[in-house]
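One structure below.
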Amino acid sequence: MDPMRCSKKPKKGVLELHCWVAYQVLTNYHVRGLVINNYKTDLPVKKGLSSSAAICVLSARAFNRVYDLKLTIRGEMELAYQGEITTPSRCGRMDQGCAFGNRPVLMVFDGDRLDTTELQVKENLHFVIVDLQAQKDTHEILNRLNRCYPFAENETERGVQELLGPINKNITTQAVDSLRESDAEQLGHLMVKAQALFDQYATPACPEELTAPVLHRVLNYQPLENHIWGGKGVGSQGDGTAQFITRSEADQETVFKIIKEDLGIDCLKLTLRPSQQVRKAVIPAAGFGTRLFPATKATKKELFPSLIEME
């Protein structure tokens, strides 16, 4: 990809996102272009799953690795964010959290400051993410919710501020504890509670979008009840995406089949797993490294990266 070819904004889409991240890299680093072969995309687009952020992170990470820019994940996230906001996209910094992959991350915002903490689970947690294949207008939802700030002028706006303030903080704190303990049942109950509170406080602010009949039909689909601990909408909600936490891996497979076969809509499996523990490490720390010539002419044998065996 040649960033210099992106001097004019093309039509909003994957190419535009790649181009404007490339523009940010070119502005901040002395690099040239690269070719990205995006051969597989299985994340639903325009469903509130940060698909555009994932594209931007892909570009930032590609430049980072090809040109050895030595960026941390946070650095890649910042480049991706700056690239995406150059487009008409109204993304937030939280969207760039997809850079951490399928690891749970706690993100705390204070103005422009962002703190991220990776969360470790003790046991596997099994989720199913459902593409509702319906219509939602994210811009309209966000416009309506933003009208509730900075000062609430009526009961509905006060309810939105309560929901996105202390209520959200309380549920998130409990959810973090549940994740760390791998308490799937408690996490499911919190998802159900969060959905009920969202329906109570947020829906009146944008009933045209947040009534979400397709979302609630799927969340309340009776055949799923014995296989899940709970479920809720994703992000700004509406008829975009739903998520379930299942009782086991076998239930995850059952939920996947029920949704695909009974409801005729697409879904994805997501499993959070405990991080691998390092059991053995081989550290070369003696000798001249003659068998590693000519590499050891530039780097001493004992400074070579360790060979690590993962469990």
Side-chain angles (χ1 to χ4, degrees), residues 1 3 6 14 16-34 36 38 41-43 45 47-121 125 127 129 138 142 164-165 168-169 171-173 175-180 234-236 241 243 270-278 305-306 308 310:
M1 178 186 299
C6 303
V14 173
E16 181 181 5
L17 293 168
H18 282 310
C19 281
W20 286 107
V21 174
Y23 170 77
Q24 292 296 330
V25 176
L26 181 67
T27 301
N28 292 281
Y29 299 93
H30 185 65
V31 300
R32 301 180 66 186
L34 53 78
I36 296 177
N38 189 185
T41 299
D42 56 7
L43 188 67
V45 177
K47 300 294 182 180
L49 289 176
S50 304
S51 57
S52 58
I55 293 167
C56 292
V57 168
L58 166 65
S59 294
R61 183 158 295 170
F63 275 102
N64 187 24
R65 294 186 178 180
V66 169
Y67 290 102
D68 192 23
L69 301 180
K70 295 180 173 58
L71 295 173
T72 62
I73 292 179
R74 286 287 302 275
E76 293 174 345
M77 289 168 60
E78 181 62 23
L79 273 180
Y81 174 70
Q82 295 299 329
E84 184 167 3
I85 63 174
T86 310
T87 76
S89 175
R90 296 182 60 186
C91 73
R93 290 185 182 275
M94 184 175 67
D95 294 348
Q96 316 304 320
C98 61
F100 288 91
N102 63 347
R103 292 171 288 175
V105 178
L106 172 65
M107 306 179 76
V108 180
F109 299 85
D110 185 1
D112 290 333
R113 178 178 174 179
L114 167 63
D115 293 324
T116 59
T117 305
E118 288 192 54
L119 307 177
Q120 301 294 334
V121 299
L125 295 175
F127 297 83
I129 312 299
T138 302
L142 297 180
L164 301 181
N168 174 68
K169 183 177 181 179
I171 291 180
T172 300
T173 300
V176 167
D177 293 338
S178 298
L179 278 168
R180 284 175 169 157
V234 173
S236 61
T241 310
Q243 57 182 327
L270 170 65
T271 301
L272 301 182
R273 306 181 189 278
S275 60
Q276 294 179 317
Q277 296 182 352
V278 176
S306 296
I308 298 176
M310 306 299 288

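Just so it is clear, the structure is predicted and the values come from calculations on it, not from any experiment.
- Note that the CE atom of M77 and the SG atom of C56 stand 12.5 Å from one another [nearest 0.5 Å].
- Taking OH from Y23 and CD from Q82, the interatomic distance works out to 11.0 Å, rounded to the nearest 0.5 Å.
- With sequence neighbours excluded, the residues that form a side-chain contact (heavy atoms from CB on, under 4.5 Å) with V66 are L34.
- Partners of R103 under the salt bridge (Lys or Arg N to Asp or Glu O under 4.0 Å) rule, at least two apart in sequence or in another chain, are E118.
- Taking 4.5 Å as the limit, some side-chain heavy atom of F100 sits within range of a side-chain heavy atom of I73.
- Put simply, the side chain of S52 reaches to within 4.5 Å of the side chain of E84, judged on heavy atoms.
- Of all heavy-atom pairs spanning A60 and V21, the tightest one is N-CG1, 3.7 Å.
- Partners of Q243 according to the side chain to side chain donor-acceptor pair (under 3.5 Å) rule, which considers only residues two or more places apart in sequence or in another chain, do not exist here.
- Side-chain contact between L179 and L125 is present, with at least one heavy-atom pair separated by less than 4.5 Å.
- Remark: L71 engages Y29, N64, L69, E76, L79 in a side-chain contact (heavy atoms from CB on, under 4.5 Å) (not counting sequence neighbours).
- Proximity of a side-chain donor or acceptor of Y67 to a complementary backbone N or O of R32 within less than 3.5 Å is detected.
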**Request:** Applying side chain to side chain contact (heavy atoms under 4.5 Å, CB included), run through V121 and R180 and close with a yes or a no.
**Result:** CA-CA 5 Å; V121 299; R180 284 175 169 157; over 6 Å; no
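- N168 is linked by a side-chain contact (heavy atoms from CB on, under 4.5 Å) to T172, counting only residues two or more places apart in sequence or in another chain.
- Note that the CD1 atom of I36 and the CG atom of L58 stand 5.0 Å from one another [nearest 0.5 Å].
- Taking OH of Y81 as the reference point, atom CG of L114 lies at 10.5 Å (rounded to 0.5 Å).
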**Message:** Determine whether F127 and T271 satisfy the following criterion, side chain to side chain contact (heavy atoms under 4.5 Å, CB included), listing intermediate values before the conclusion.
**Reply:** CA-CA 6 Å; F127 297 83; T271 301; over 6 Å; no
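- Residues satisfying the side-chain contact (heavy atoms from CB on, under 4.5 Å) criterion with R65, sequence neighbours excluded, are R61.
- For the pair C98 and V57, the tightest heavy-atom approach, listed with the atom from each and the gap, is SG-CG2, 3.9 Å.
- When side chains are defined from C-beta on, V108 does not count as touching T116, because their heavy atoms never get closer than 4.5 Å.
- Atom CG of residue L119 and atom OG of residue S275 lie 11.5 Å apart, to the nearest 0.5 angstrom.
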